[in-house]
Amino acid sequence: MWSRRLVLGVLLLPLALLVFRDGPAVHDPQRQFAVGPRPPRGLPQPAVVSRSRWRADEGLVREHPHYTGPARAVFVHHTGNPNDYDCADAPKLIRAVQADHIRQDGWDDIGYNFLVDRCGTIYEGRAGGVARPVRGAHTKGFNTDTVGIAAIGSFGEGTEVPKAMMDALVRLAAWKLRPGADPLGTVDLVSTNAESRFDKGQVARLHVISGHRDSFETRCPGDELYGLLPELRERVARLRASVPGHSASSRLRPYF
């Protein structure tokens, strides 16, 4: 003989399931950042210091992230900071960059997708998810389907580019470029801003791994780092070629 409590529970169970099934979904704005394009198969994601760890000022951010297609090109920048900083102070330097980009330049958030310090530590830049194709504000006219990586420091003529920094740039560029992209090749990108080196709507043929100065009137990323871009391209190409399916001739695979 069933107890009255057990009978009541059996009768209420279908109603409870109905309520939970048909109830409104809870929207978590951070949840959307956890999904998106998979990293290239076989290329592990490098370790990346999150925005929360470098204490990004989320109160300054003016708009939610926007997304484009997987990266067809990488633009290398430098931040212009003095090079003798202690790597423990890199988060403070990045927070200053974020504040300048928002308060002085009027952007929604820090412009770069990633930053790399002289010790080779990689930092998440613009919010939206490190594995997702977040549209940055790093290269005027060419923020669509590209990724902007800034080396923290100044790399004018005669300035040494640390090996650890170069190693990190290699790992990051190899991982972020979409499958099938040729790090040694060129890509046709359409300019969206006449303030770049190219008129709005003009097709620009650029290196898949370019320096900021290739598309804009600037000395960024500095003569020394710019001079190392051929080496960077070679190393990224070798790293990607070591993984099946990521040579330049490999067939493009969808990210989504």
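No continuous path of hydrophobic side-chain contacts links Val61 to Trp54 [ILVMFWY only; heavy atoms under 4.5 Å]. No path of Ile, Leu, Val, Met, Phe, Trp and Tyr side chains, each step under 4.5 Å between heavy atoms, connects Ile149 with Trp107, placing them in separate hydrophobic clusters. Follow the hydrophobic side-chain contacts under 4.5 Å out from Leu115 and you never reach Ile102; the two are in separate clusters. Clustering ILVMFWY residues whenever any of their side-chain heavy atoms sit less than 4.5 angstrom apart, transitively, puts Phe216 in a cluster other than the one holding Val187.
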Listed pairs under 3.5 Å, donor-acceptor, residues 118-130 side chains, sequence neighbours left out:
from   : atom 1 : to     : atom 2 : distance (Å)
Arg118 : NE     : Tyr85  : O      : 2.7
Arg118 : NH2    : Tyr85  : O      : 2.9
Tyr123 : OH     : Asp117 : OD2    : 3.2
Glu124 : OE1    : Arg51  : N      : 3.1
Arg126 : NE     : Ile110 : O      : 2.9
Arg126 : NH2    : Asp109 : O      : 3.1
Arg126 : NH2    : Ile110 : O      : 3.4

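The shortest side-chain heavy-atom distance between Ile94 and Pro91 does not fall under the 4.5 Å cut-off. Side-chain contact between Leu239 and Val236 is absent, with no heavy atoms from C-beta onward closer than 4.5 Å.
With no hydrogens or angles considered, no side-chain donor-acceptor pair links His77 and Thr218 at under 3.5 Å. Judged by distance alone, the side chains of Ser196 and Ser191 do bring a donor and an acceptor atom under 3.5 Å apart.
The distance from atom NZ of Lys92 to atom CZ of Arg55, rounded to the nearest 0.5 Å, is 10.0 Å. Distance check: His78 NE2 to Ile152 CD1 gives 12.5 Å after rounding to the nearest 0.5 Å. Atom-to-atom distance recorded for Arg240:CZ and Arg235:CZ is 15.0 Å, nearest 0.5 angstrom. The OG atom of Ser210 sits 8.0 Å away from atom CG of Leu229, with the distance rounded to the nearest 0.5 Å. In this structure, Glu157 CD and Asp223 CG are separated by 6.0 Å, a value rounded to the nearest 0.5 Å.
For the pair Thr79 (side chain) and Gly153 (backbone), a donor-acceptor distance under 3.5 Å is present. Judged by distance alone, the side chain of His101 and the main-chain N or O of Gly111 form a donor-acceptor pair under 3.5 Å. A donor-acceptor pair is defined here as one N or O able to donate and one able to accept, closer than 3.5 Å; no such pair exists between the side chain of Arg213 and the backbone of Tyr226. With Asp145 contributing its side chain and Gly69 its backbone, the two residues share a donor-acceptor pair below 3.5 Å. For the pair Gln98 (side chain) and Asp57 (backbone), a donor-acceptor distance under 3.5 Å is present. Judged by distance alone, with hydrogens and angles left aside, the side-chain atoms of Asp214 form a donor-acceptor pair with the main-chain N or O of Gly211 at under 3.5 Å.
Here the closest heavy-atom approach between residue Leu172 and residue Phe114 is recorded as CD2-CB, 3.5 Å. Considering all non-hydrogen atoms of both residues, Leu43 and Ala174 come closest at CD1-O, 3.3 Å. Thr68 approaches Thr144 most closely through the heavy-atom pair CG2-CA, 4.0 Å. Between Val208 and Pro183 the shortest heavy-atom distance is CG1-CA, 4.2 Å. The two residues Pro221 and Phe155 come nearest to each other via the heavy atoms O-CB, 3.6 Å. Shortest non-hydrogen contact noted between Val134 and Pro65 is CG1-CB, 4.4 Å.
The number of heavy atoms from other shown groups lying within 6.0 Å of CZ (Arg219) does not exceed 12. For Arg62, the CZ atom is densely surrounded, since the number of other residues' heavy atoms within 6.0 Å is greater than 12.
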Take Asn193 and Lys200, measure what side chain to side chain contact (heavy atoms under 4.5 Å, CB included) needs, and give me the verdict at the end. CA-CA 5 Å; Asn193 195 312; Lys200 183 176 181 179; 6.0 Å; no
Met166 and Leu228: side chain to side chain contact (heavy atoms under 4.5 Å, CB included), yes or no, with the steps? CA-CA 9 Å; Met166 279 292 292; Leu228 289 174; 4.1 Å; yes
Take Thr139 and Thr146, measure what side chain to side chain contact (heavy atoms under 4.5 Å, CB included) needs, and give me the verdict at the end. CA-CA 9 Å; Thr139 306; Thr146 67; 5.6 Å; no
Decide side chain to side chain contact (heavy atoms under 4.5 Å, CB included) for Ser215 and Arg197; before the verdict, give the C-alpha distance in whole Å, the side-chain angles of both, and the deciding distance to 0.1 Å. CA-CA 5 Å; Ser215 66; Arg197 288 185 182 271; 5.6 Å; no
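Under the side chain to side chain contact (heavy atoms under 4.5 Å, CB included) test applied with Phe75, the options Asn113, Leu206, Ile209 reduce to a single match, Leu206.
Listed by chain and residue number, nothing satisfies the side chain to side chain donor-acceptor pair (under 3.5 Å) test with Glu224 (two or more places apart in sequence, or in another chain).
The pair Arg171-Asp167 does not meet the salt-bridge criterion, since no charged nitrogen lies less than 4.0 angstrom from a carboxylate oxygen.
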